[in-house]
**Q** 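Below is the structure I would like to discuss, written out as structure tokens.
Remember, it's a predicted structure, so these values are computed and weren't measured experimentally.
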Amino acid sequence: MCPNSASRGNLRMTKNLQTGIFTTGITRRSMLKTTAAAALISAVKTAFPSGAFAAGAGPEVTGVKLGFIALTDSAPLIIAKEKGFFDKHGLPETDVAKQASWGATRDNLVLGGAANGIDGAHILSPLPYLMHTGKVTQNNKPVPMAILARLNLDSQGISVAKEYAETGVQLDSSKLKAAFEKKKAEGKEIKAAMTFPGGTHDLWIRYWLAAGGIDPNKDVSTIVVPPPQMVANMKVGNMDVFCVGEPWNEQLVNQGIGFTAATTGELWKGHPEKALGLRAEWIEKNPNAAKALLMAVMEAQQWCESMDNKAEMADILGKRQWFNVPTKDVLGRLKGDINYGNGRDVKATDLYMKFWKDGASYPFKSHDSWFMTENIRWGNLPASTDIKALVNQVNREDIWREAAKDLGVAAADIPASSSRGKETFFDGKVFDPENPSAYLDSLSIKAVS
């Protein structure tokens, strides 16, 4: 499916669900905070008109408009709001607004906060790049974007409809080939659902299928479904397989509709997932606020990482204004307890979602290089793309380092390099960020020659 057709579908979804977007309100207490902060900023600007303000003052604004999708990896933004980390860092009026789909997130970022959209978001790591290059925007108009942090590692899932249980499919997708061929011979379409063309879930399910000899461009039809609607769509038979983040894979199992073939951490252990993405224009106008925002999110990530906080986190995320799901749909996989729904039920695995551990918050440039390479693989970006130059434009790991220093992050938690080095996948393929073309050459199924 091409990005434009997906965009039209997502735009319709926005119109249908726009009124359901939740936006946090302004209290009298927070209004007083706003007034006091504004007065302080005004006084400092008057005292230091030549620019000293920008170097050492607090945030230029008292809030930022952020979007999120109902996925467990949005937790750092939600926890920063619920636990007062935004307030602590001078951003008491920060809104965290639910988005209907990744298409809606994109559209609201294009608008920007000043035009009743949003300034930043919990976002699929490749999406800021696709917006920055204009590949998924109206009239292909580029929207300069920046990534300030990674929000998490691991814990997405590839789930399969119950009708394929007898295939025994798990990490090896080739076990689905015969069943898919039989169904296609009967004149039925095989549908593989993901959440946005070129996004992380699209790349995970394509990698998994291709590794098993199933061509995602020829053997199946990829369709776009917003994360919260995955389970309902599989229940009525609208797809055969899907890839999405939690809590939707766990909810699928809890409702007895399908099973998880594999978690994405089994495809690539410690893989990057969502990011904190912002409009570059907003960062340029509000550099201090951008760093304050990042510090608040980083503190929330540290809170989320603690196993002692998982039960409370699941309760918070399950609330109506956030995910509106039972706590049990969130908690199990947060702790690494995975009931795959196919007879496998394992406890305390290391496949749980990491929010801070193992450098989860730091936005490695090498990881963004892989996302760009995979988008070239599937034809979403031209083969001539200068990957290194593009990553250097969008990835602002420099701001992360400044925020980490100001926050007093331990030196051991600050990566020495912007590259994590070579990455090895479950099928033995190796990605060397210094030689993306060699990785592309090693792949037998791809859209590029």
Side-chain angles (χ1 to χ4, degrees), residues 20 22 67-79 81-82 96 98-102 105 122-124 151-162 193-196 199-201 204-205 225-235 239 241-266 271 273-274 300-301 304-305 307 309-342 344-349 351-355 360:
F22 171 82
F68 81 99
I69 294 284
L71 289 163
T72 302
D73 41 40
S74 67
L77 302 192
I78 294 170
I79 293 302
K81 186 66 182 178
E82 289 265 355
V96 181
K98 186 181 290 185
Q99 307 295 296
S101 64
W102 292 118
T105 299
H122 148 253
I123 199 164
L124 299 162
L151 292 180
N152 70 298
L153 304 178
D154 294 335
S155 200
Q156 314 299 293
I158 296 173
S159 290
V160 184
K162 210 170 185 178
M194 42 75 180
T195 62
F196 195 88
T200 55
H201 303 123
W204 305 138
I205 199 165
V225 176
Q229 296 180 27
M230 285 289 189
V231 176
N233 273 275
M234 186 167 275
K235 187 174 183 178
M239 79 266 285
V241 299
F242 68 63
C243 182
V244 73
E246 299 304 335
W248 308 113
N249 298 284
E250 185 151 353
Q251 184 180 90
L252 182 85
V253 170
N254 289 342
Q255 294 186 10
I257 298 167
F259 62 95
T260 297
T263 71
T264 50
E266 293 171 79
H271 73 76
E273 184 49 45
K274 303 301 186 301
Q301 288 182 280
C304 291
E305 187 64 39
M307 278 293 173
N309 295 329
K310 300 301 185 186
E312 183 182 356
M313 192 194 323
D315 285 338
I316 291 171
L317 297 180
K319 288 180 180 179
R320 184 175 182 180
Q321 70 264 39
W322 301 120
F323 294 4
N324 193 26
V325 299
T327 298
K328 68 176 183 178
D329 289 351
V330 183
L331 184 57
R333 298 192 187 195
L334 259 184
K335 299 188 301 180
D337 298 341
I338 305 174
N339 176 8
Y340 288 82
N342 56 1
R344 300 167 66 202
D345 193 349
V346 293
K347 305 294 184 184
T349 74
L351 294 171
Y352 61 88
M353 188 173 290
K354 288 83 175 174
F355 295 97

**Q** Can you see whether E273 engages T200 through a side-chain donor-acceptor pair at a distance of less than 3.5 angstrom?
**A** yes
**Q** Walk me through whether N254 and Q251 qualify under side-chain hydrogen bond (donor to acceptor under 3.5 Å, both in side chains).
**A** CA-CA 5 Å; N254 289 342; Q251 184 180 90; over 6 Å; no
**Q** Would you name the heavy atoms of D329 and E250 that are closest together and state the gap between them?
**A**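 The pair with the smallest heavy-atom distance is O-CB, 3.5 Å.
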**Q** To the nearest 0.5 Å, tell me how far S74 OG sits from I79 CD1.
**A** 9.5 Å
**Q** Nearest 0.5 Å, please: how far is CE in M307 from CE in M313?
**A**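 It comes to 9.0 Å.
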**Q** Would a distance-only check, ignoring hydrogens and angles, find a side-chain to backbone donor-acceptor pair under 3.5 Å from K98 to W322?
**A**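 Judged by distance alone, yes, a pair lies under 3.5 Å.
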**Q** Which pair of non-hydrogen atoms, one from V225 and one from A193, has the smallest distance, and what is that distance?
**A**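 Scanning both residues, the minimum pair turns out to be CG2-CB, 4.1 Å.
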**Q** Checking Q301 side chain against P76 main chain: does a donor-acceptor pair fall under 3.5 Å?
**A** no
**Q** Under the 3.5 angstrom rule, does the side chain of D315 hit a backbone N or O of T327 as a donor-acceptor pair?
**A** no
**Q** Would K319 count as a cation-pi partner of F323, with NZ or CZ less than 6.0 Å from the six-membered ring centre and within 45° of the ring normal?
**A** no
**Q** Without swapping roles, check the side chain of D154 against the backbone of H271 for a donor-acceptor pair under 3.5 Å.
**A**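 The answer is yes, because a donor-acceptor pair under 3.5 Å joins these two groups.
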**Q** State the OH-OG distance between Y340 and S159, to the nearest 0.5 angstrom.
**A** 10.5 Å
**Q** Are any of the side-chain heavy atoms of P228 and W248 separated by less than 4.5 Å?
**A**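 Touching, per the 4.5 Å side-chain cut-off.
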**Q** Q156 and side chain to side chain donor-acceptor pair (under 3.5 Å): which partner among T264, N249, D73, T263?
**A** D73
**Q** Restricting to non-hydrogen atoms, name the atom on A70 and the atom on P247 that form the minimum distance, rounded to 0.1 Å.
**A**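 Heavy-atom minimum between the residues: O-CD, 4.2 Å.
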**Q** In Å, rounded to the nearest 0.5 Å, how long is the span from CD of Q321 to NZ of K81?
**A** 11.5 Å
**Q** Just by modelled atom types, is the E246 backbone N or O under 3.5 Å from a matching donor or acceptor in the T72 side chain?
**A**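 Looks like yes, one N/O pair under 3.5 Å.
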**Q** Show your reasoning for whether side-chain contact (heavy atoms from CB on, under 4.5 Å) applies to F242 and L252.
**A** CA-CA 11 Å; F242 68 63; L252 182 85; 3.9 Å; yes
**Q** When rounded to the nearest 0.5 angstrom, what is the spacing between CG in L77 and CD1 in I69?
**A** 11.5 Å
**Q** Backbone N or O of G256 within a donor-acceptor pair of the K162 side chain at under 3.5 Å?
**A**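 Looks like yes, one N/O pair under 3.5 Å.
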**Q** Measure the shortest side-chain to side-chain distance between M239 and M230 over non-hydrogen atoms and say whether it is less than 4.5 angstrom.
**A** yes
**Q** Sub-3.5 Å donor-acceptor pair from the side chain of S155 to the main-chain atoms of Y352, do we have one?
**A**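 Judged by distance alone, no pair lies under 3.5 Å.
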**Q** Return the set of residues passing ring pair (Phe, Tyr, Trp, His ring centres under 6.0 Å) with H201 (not counting sequence neighbours), or none when no residue passes.
**A** none
**Q** With side chains defined as the heavy atoms from C-beta onward, is the minimum distance between T105 and F196 less than 4.5 Å?
**A** no
**Q** State whether the side chain of D337 and the backbone N or O of A348 hold a donor-acceptor pair below 3.5 Å, judged by distance alone.
**A** yes
**Q** Can you tell me if R333 uses its side chain to pair, donor with acceptor, with the backbone of N339 under 3.5 Å?
**A** yes
**Q** Could you report the tightest heavy-atom contact between G265 and L351, atom names first, then the distance?
**A** C-CD2, 3.9 Å
**Q** Roughly how far, to the nearest 0.5 Å, is OG1 of T260 from CD1 of I338?
**A** 8.0 Å
**Q** Tell me, do L124 and K274 make a side-chain contact under 4.5 Å, heavy atoms counted?
**A**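 They are in contact (side-chain heavy atoms under 4.5 Å apart), so the answer is yes.
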